[in-house]
Amino acid sequence: MITLSHAKKLFSTSSGAITALDDVTLTVERGQIFGIIGYSGAGKSTLIRLLNGLERPDSGSVIVGDLDLSVASEAQLARARPKIGMIFQHFNLLWSRTVAGNIAFALEIAGVDKSAIPARVAELIRLVGLEGRGGAYPSQLSGGQKQRVGIARALANRPDVLLCDEATSALDPETTDSILDLLLSINRRFNLTIVLITHEMHVVRRICDVVAVMEAGRIVEQGTVAELQANAKQPVTRRFLRQLTEDAEAQELDEGFDPYAVDIGSGALVRLVASGAGARDLVLADVARRFNLSLDIVHGHLSFTREGASGELYVEVPAKGQELVEVLAWLAERDIAAEIVRRG
Amino acid sequence: MITLSHAKKLFSTSSGAITALDDVTLTVERGQIFGIIGYSGAGKSTLIRLLNGLERPDSGSVIVGDLDLSVASEAQLARARPKIGMIFQHFNLLWSRTVAGNIAFALEIAGVDKSAIPARVAELIRLVGLEGRGGAYPSQLSGGQKQRVGIARALANRPDVLLCDEATSALDPETTDSILDLLLSINRRFNLTIVLITHEMHVVRRICDVVAVMEAGRIVEQGTVAELQANAKQPVTRRFLRQLTEDAEAQELDEGFDPYAVDIGSGALVRLVASGAGARDLVLADVARRFNLSLDIVHGHLSFTREGASGELYVEVPAKGQELVEVLAWLAERDIAAEIVRRG
Amino acid sequence: MLEALFPHVRLDSLLQATYDTIYMTALAGAATFILGLILGALLFLTGPGQLLANRFVYGLLSMFSNVFRSIPFIILIVLLIPFTKLLVGRILGVNAALPALIVGAAPFYARLVEIAFRDVDRGVLEATRAMGGGIFTTVFKVLIPESSPALAAGLTVTLISLVGFTAMAGVIGAGGLGHLAYLEGFQRNNADVTLVATAMVLVIVFIIQFVGDAVTRRLDKR
Amino acid sequence: MLEALFPHVRLDSLLQATYDTIYMTALAGAATFILGLILGALLFLTGPGQLLANRFVYGLLSMFSNVFRSIPFIILIVLLIPFTKLLVGRILGVNAALPALIVGAAPFYARLVEIAFRDVDRGVLEATRAMGGGIFTTVFKVLIPESSPALAAGLTVTLISLVGFTAMAGVIGAGGLGHLAYLEGFQRNNADVTLVATAMVLVIVFIIQFVGDAVTRRLDKR
Amino acid sequence: QTKLTVGASYVPHAEILEQAKPILAEQGITLEIVPFQDYILPNTALASGEIDANYFQHTPYLNSVLADHKGDPTYDFVSAGAIHIEPIGIYSKRVKSLKDLPENGTVILRDAVAEEGRILSIFEREGVIKLREGLTPITARITDIVENPKNLKFQANVEAGLLPKVYENDEADAVVINANYALDAKLDPVKDPIAVESGENNPYANLIVVRQANAEKPEIKKLVEVLQSKPVHDFILEKYKGAVLPVND
Ligand SMILES: Nc1ncnc2c1ncn2[C@@H]1O[C@H](COP(=O)(O)OP(=O)(O)OP(=O)(O)O)[C@@H](O)[C@H]1O
Ligand SMILES: Nc1ncnc2c1ncn2[C@@H]1O[C@H](COP(=O)(O)OP(=O)(O)OP(=O)(O)O)[C@@H](O)[C@H]1O
Ligand SMILES: [Mg+2]
Ligand SMILES: [Mg+2]
């Protein structure tokens, strides 16, 4: 669907030229959701702007569908564009039109029958959760609401290709998820090809088939999320992936867990916080063997790496009195802080 | 430092009034980092705009320092504002000034000595990682670069209070982290009070002392991140917290782990994928007891809830042949999929 | 009472002059609006870096739009005589004044249109291109609506200038308040006529400004 | 050769007229720029919803700025005689024309300034307020720089109009190319003089437009 | 009811025509007056047939116009009759006669082609300057002055209506003002000037000018007749107090 080969783009500034894109080659298959990540200023927006001809490469070619955008005439581009939706980083709404008017605008350009517009607009407004605000002007909207108008506008003409430049960066997780679900379902149903710039790895993980990592105008790594997770070679990729793990490592308690609602019989509910090398071995198994107790993990979370385990667990220890004290002491020796939450 | 009581703000639109803030009461202590989360359109930006008098409440009071902004004169506000930095959701840079000029602008307004400006500007440019781009105009910057200029500008006068409206939404995780570190260190060193709107829970978790959750113009829940994690009552809060857990649950492999680099002696490296109720018990301990083997978790991740454990572990099993087969079969009975990755 | 205060003011000629001024301003204003928009859009579009960027055409249009603004009005009228005759059939009177008024004012409004268009947000123009919008869409659905407050304010300025111009149309017997003030007031040294006619001009100008301001404010949804 | 083509053109009077036109345009232009900026800023700031919003003052300024634009030029000159005399000492000649030219052009530029200021991004004005910027900062560091392309383009329009106005200053012996074209060309039916004088006007106008365009483009960093 | 459209300079021509209006109306002729500010367009309008007659020029100017448009069949103008003369007066706040004008003194005249030569002739007649030989007064220009012992500076570049103001403000050593403007400015055009053009044998009588074909039309004849009648003459004499003189020929 999309093929970039050896695309190069320079911007000349007073302090010399800036290489925004440096020999970028990539292919996006029809129906693929293609993610682009990279540091600020890496060239992501420039890259995506090549894909609808807003920017032309200084050299190299950009083929979308069967049109080479790098040499297409402005008229050819205009014909192709209604089928290439774009969500802008800065929304770019017309202040002079209402929410409904902004969405209708895309339909008008595409030459949609006038009588069909209102129904389609209403549908799109519902889709992005702006019911009741159709008559509001952009100046009366919050940041996220503006972004959703931009999304609705980009989807209005049921495009074949959708270009998203940080399309969900101004949205809360709930709205982000509903938009991503929407994109996924359109992708599945209509075989929509999506190219998506984002800074949020969970967006990538959630919907991208392939992700390209950009740095200083180049694509330095590319693959499925799983591939990258297994084999990331570039520090920049690892840095992005860490976004996923960090949250995990620091996670403490799941929502809705109430230590006072646990039935612990005559034993105790113990909170263990593990960190560091001592916790590396499977200490709980050792406790079980050594004290001949059947420990039961009620709730919690652990991560294991070669450096050791870290995390927090609520464990039901079927012991009391002196025995319980001994278990805790034994754990403490192994870098595990134990605290009795409740006794049975 | 900041006290809002019963603040209310309406916007009148053609289709009736919109209650952007509905009886909001909150207190931010000096030196606190106060997070605000909530769905798009919840009233977060409106709230933060009360805190420097860009918007006045229709009723209620807004006290920052010892000034009641709801009744202060424009001149009083102007005197107070250089010490209340603000990072805007839409950057709001002067296109007519370069990066350096935009940062200098804040200093000029605050009446900083002309000769001291260039050095301070250079320092701020370095702080936000825009070295070498000081002479660029906003139109020559990427989205994230613009946001960083906005951040530098807000910090220029070493404010007492910093208001951040999605200050990192256009930034990649690396830049976000460095900005957050910067904010944290200023907060610690100068006792800067920060009020921060964000959609990213890991931003909240990373730096916020207290977080308030907004919904439909009200603060529906408030507390430390840990408190909220333990006791979130509102669905909206849970939804935001889920952002943290989701990533964890789905996490597969840490970066840099190479199963082929593990020394497993004569045993086998087994990948266990646990899910569902059967995995609830501490099965590894049982394996250890039953087969009298000392299992060693090499790498992986587990979450425990009352419904069972889920996650993925690489475990070194010091067994081979028939014994290994039996262990795997025993695990399978307990809803744990086991797969031999390597044999010793 | 009025006669005592303004002994030389004749009500019928005052009313006629007021009517003539309004007539010329309204008609020339309408034509100026349309022609100015067209010429302004062409100036903008052929300007450097724009959709139809063309140095030569831009230079030509720019030259053309400046010629008429800088020629003395009476020479303009004489130059336009053949054209006026063709169009209006006469070379005297209010209708005959229209071509010269329009040709004087339209290029001027065109420049204001060009300036207003240049202030339209680049991002929005880019979004329009990205949606496949052509020149027609860009002009009629983006440039004009998005610059509408500036267009309305510019038209207000132009109309008020036109009211001033109509005084000059007096040279071909087009009457109007300015001419009345000049001929009956100034030339005959009747201060009262000058005063009343000028006051009348101000009333018209005030109304134009008031309506213009109101429209400008209504159009502005930013 | 030239004499054969343009038998009635006298070089010395042409040069003098050119000089006069440039002199009047330059001086009146400079004053118009400054006074127009001030008046325009006041109009903007006292307008509805702005920093110094004040219906009454705005109405007064608006009225004031319209009065002079809509009075016939010759009446304006007569009205200004006492003032001109006080300021310049004479009521004839290029210097005596300056007050009338300025009073005619400055309010006009003021309107263009007001329009340009209204197009400045609301967010930037808000950010300025949020940083504690007062009126001085807002006007000199934000409104003027952020609207500078429109201000430059507006000044270009105004200067070119001024070149046209100078023709009218001929009535008080201020000379200038427009008056030369009228007196020596038009009145005496010497088409060659009209042509040459008009061509000269166009050269001046062309230079103003060229420089104005270049400055406008340089200022625009969007 | 026949309609007659006459283009005229505003003062005093249009004012005089106003007087004829009711009289002509009684005779079944509706007179429409089209005021003009310049001296070109009234002839252009007459040539194009848009007005039936004009009333602003004197014979020398008419002749020069006809010469300029030789070969243009629409410029077949003839005079239907002379109506009045506006003797020009020279005013000064500084001197009492032309002879007293100082060395390098300035003289300001109106910016009208038709008057330049005529005014210079007054100065020549008074012996202040000498014009080049062989010129008709109408074509004489400032540049045609060959002898100017006082080195007077003539400036023909001020709007006629402003000249009284120029005089009042004492801007020049001498100001040449048409009588009617002097009158409006409360000057006495008979007593105040330091020199006056003589009314006798004055070729500068203002004419009713028409196209050849219309010269014999009864309504034109009637117009001239009325303008030359006693009531109108009385009006002129009374209104302009000698600053405008009625003529009959
Ligand atoms: N000027 C205005 N006129 C009318 N309604 C407004 C205006 N400004 C904001 N609103 C409305 O007030 C509500 C709160 O807006 P606000 O900008 O505070 O939301 P937010 O929480 O910042 O949302 P986001 O996360 O999308 O930026 C929204 O419904 C918005 O549409
Ligand atoms: N018009 C321009 N003139 C000069 N330099 C430019 C221009 N547009 C972009 N750049 C530069 O090109 C580089 C790439 O910009 P681009 O907008 O593609 O970055 P990005 O990856 O989208 O960053 P972000 O995540 O911050 O939006 C940046 O260094 C930017 O400053
Ligand atoms: Mg970008
Ligand atoms: Mg917001």
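Proteins get letters first, then strands, A, B, ... in listed order; numbering begins at 1 in each. Values below: every heavy atom of this structure, side chains too, minus hydrogens, waters and symmetry copies.
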>> At a 4.5 Å cut-off on heavy atoms, which part of Ala172(E) comes close to chain D: side chain, backbone, both, or neither?
In response: neither
> Would one find more than 12 heavy atoms of other residues, nucleotides or ligands at under 6.0 Å from atom OH of Tyr75(E)?
Replying inline: yes
> Is chain D contacted by the side chain of Glu171(E), its backbone, both, or neither, given a heavy-atom distance below 4.5 Å?
Replying inline: both
>> At a 4.5 Å cut-off on heavy atoms, which part of Glu116(E) comes close to chain D: side chain, backbone, both, or neither?
In response: side chain
> Where on Ile108(E) is there a heavy atom nearer than 4.5 Å to chain D: the side chain, the backbone, both, or neither?
Replying inline: side chain
>> Once rounded to the nearest 0.5 Å, what's the spacing between atom CD1 of Ile81(D) and atom CD of Glu168(E)?
In response: 8.0 Å
> Does a sphere of radius 6.0 Å around CZ in Arg218(D) hold more than 12 heavy atoms from other residues, nucleotides or ligands, not counting ones at 6.0 Å or beyond?
Replying inline: no
> Do side-chain atoms of Lys85(D) reach the backbone of Asn169(E) as a donor and acceptor pair under 3.5 angstrom?
Replying inline: yes
>> Is it true that, when you exclude Lys153(E) itself, more than 12 heavy atoms of the residues, nucleotides or ligands shown sit nearer than 6.0 Å to its NZ?
In response: yes
>> If you compare all heavy atoms of Val158(E) against all heavy atoms of Ile172(D), which two are closest, and at what distance to 0.1 Å?
In response: CG2-C, 4.1 Å
>> Let me confirm one number: the CD-CD1 distance from Glu159(E) to Ile77(D), rounded to the nearest 0.5 Å.
In response: 9.0 Å
> Non-hydrogen atoms of chain D under 4.5 Å away: do they reach the side chain of Arg141(E), the backbone, both or neither?
Replying inline: side chain
> With a 4.5 angstrom heavy-atom cut-off, which part of Thr143(E) approaches chain D: side chain, backbone, both or neither?
Replying inline: side chain
> Side chain, backbone, both or neither: which part of Ile91(D) has a non-hydrogen atom closer than 4.5 Å to chain E?
Replying inline: both
>> Rounded at 0.5 Å granularity, tell me how far CG in Asn157(E) sits from OH in Tyr182(D).
In response: 13.0 Å
